[in-house]
There are 2 protein chains.
Amino acid sequence: MRTTGDTRQRIVTAATELFRRQGYAATGMKQIVAAAGAPYGSAYHFFPGGKGQLGEEVIHTSGAAYLELIGSMFADPEADPAAATAAAFTGAAETLRELDFTDPCPIATVALEVASTHEALRRATADVFASWVEALAGFYAGAGIEAESARDTAGSVIALLEGAFMLGRAAHDTAPVLAAARASAAIVRDALGPAG
Amino acid sequence: MRTTGDTRQRIVTAATELFRRQGYAATGMKQIVAAAGAPYGSAYHFFPGGKGQLGEEVIHTSGAAYLELIGSMFADPEADPAAATAAAFTGAAETLRELDFTDPCPIATVALEVASTHEALRRATADVFASWVEALAGFYAGAGIEAESARDTAGSVIALLEGAFMLGRAAHDTAPVLAAARASAAIVRDALGPAG
DNA sequence: GTCTATACCCCGATAGAC
DNA sequence: GTCTATCGGGGTATAGAC
């Protein structure tokens, strides 16, 4: 009654890694259970809804983990918001290199793949993006940006990060993410207004 | 000797549309030739290198078409660069809605899918992104931004656009692209410096 | 050059022994 | 609850008639 929980968890973990590296369509259930060291039947025992149900869970759990990461990076309400944002980008550039240009974002590839093909998964990615934007918007609002503008700013910062990952991965170069660090600071400063 | 060219072109066109909507891995050769109204063997007659060769051609040709679009949107050297950039984003938001939240970028999904799995295709997407950045950087340089900064600025603007498409498609909402319009102007203004 | 048939493999999913 | 065998279908790619 304890060991069974391990198998389920291993399947989710393996799927998360494979979806991130290869995308949703290119990853098979057999590949997932093989990577998880689990028998094939376990996948459908724990996820009777099949690949779609597993995909939904992967999106939500990895999205929640990333949300915590965002929360920890923007935890200090005293920090200068533009500088903190730029620092997050330079840190992300380092992560990108450490991951050997595999995707630092756990759901980006899947989000694009399913956006026009799989409603349930599309909604799951939308929920995750919204949770990230909300968290970052809260930080900006605490730093003095008006609520609605804070939301827009947070959305643009996350969009910029996702796009910078895309260009950086394609080029095998962290330069786009480093350039985006400066751009992200400009976005936040603009939202802070002349006083900021 | 004329009609054969049509078949090849129809295959490329059909593949472009399907890759854009579903991604690379989820699209099959059979689906492509069916959509093109071509016999199955024609695909391997014109593309003996198979799906990979077809993918490379799709990336390069659709990337070149998008390059022309960028060139036409930033054709006026007298235009205010920040305003022109923001206008491009508001136009992109409209396009996104017209396309019913299908991907306005012909290579974004494929770029993420192949970044860590298919070297030849990854390089093709990198070439395309680089061509877009170079074109936009030329416009910014003409508007008075120093060359190296113009390149960084162009990269960040394109990254922001790609990321905004990602969030907008997931949410089925043009708001992220419209918010990015203001952010893009802030990025360009920051690069222009206090004088701009 | 055009088109059909097919080889060979892996897909997601299920049945049912254990 | 665990695991294997298998089903029906679709994947890429090729052979070869026309």
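In what follows, every chain begins at residue 1, and chains take the letters A, B, ... in the order their sequences are listed.
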Figure out the [atom1]/[atom2] separation between [X] and [N], and round it to whole Å.
| X | N | atom1 | atom2 | answer |
| --- | --- | --- | --- | --- |
| Phe47(B) | dT14(D) | CZ | C1' | 18 Å |
| Phe46(B) | dA13(D) | CZ | C1' | 17 Å |
| Gln31(B) | dC11(C) | CD | P | 18 Å |
| Met29(B) | dA7(C) | CE | P | 20 Å |
| Ile11(A) | dG1(D) | CD1 | C1' | 12 Å |
| Tyr40(B) | dA13(D) | OH | P | 8 Å |

Starting at the 5' end of DNA chain C, which residue's closest nucleotide do you reach first, Pro48(A) or Ala26(A)?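 Counting from the 5' end, the first nearest nucleotide belongs to Ala26(A).
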On DNA chain C, compare the nucleotides closest to Pro39(B) and Ala25(A); which residue's is nearer the 5' end?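 Of the two residues, Pro39(B) wins.
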[X] and [Y]: side chain donor to acceptor below 3.5 Å:
| X | Y | result |
| --- | --- | --- |
| Gln22(A) | Thr117(B) | no |
| Glu113(A) | Thr109(B) | no |
| Arg169(A) | Ser116(B) | yes |

Among dT12(D), dT2(C), dT2(D), which nucleotide has an atom closest to any side-chain atom of His45(B)?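 Nearest to the side-chain atoms of His45(B), counting from C-beta on, is dT2(C).
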Closest nucleotide among dT2(C), dA13(C), dT12(D) to the Tyr44(A) side chain: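 Shortest atom-to-atom distance from the side chain points to dA13(C).
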Counting only side-chain N and O atoms of Lys51(B), is one of them less than 4.0 Å from OP1 or OP2 of dT12(D)?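 For Lys51(B), the contact criterion (side-chain N or O under 4.0 Å from OP1 or OP2 of dT12(D)) is met.
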Step by step, work out the side-chain contact (heavy atoms from CB on, under 4.5 Å) result for Phe89(B) and Arg182(B). CA-CA 9 Å; Phe89(B) 275 71; Arg182(B) 171 179 170 173; over 6 Å; no
Looking at every strand, decide which applies to Gly41(B) at a 4.0 Å heavy-atom threshold: base, sugar-phosphate, or nothing.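 Counting heavy atoms under 4.0 Å across all strands, the contact made by Gly41(B) includes a base.
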Mapping Lys30(A) and Ala38(A) to their closest nucleotides on DNA chain D, which lands nearer the 5' end?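 Going by which nucleotide is closer to the 5' end, it is Ala38(A).
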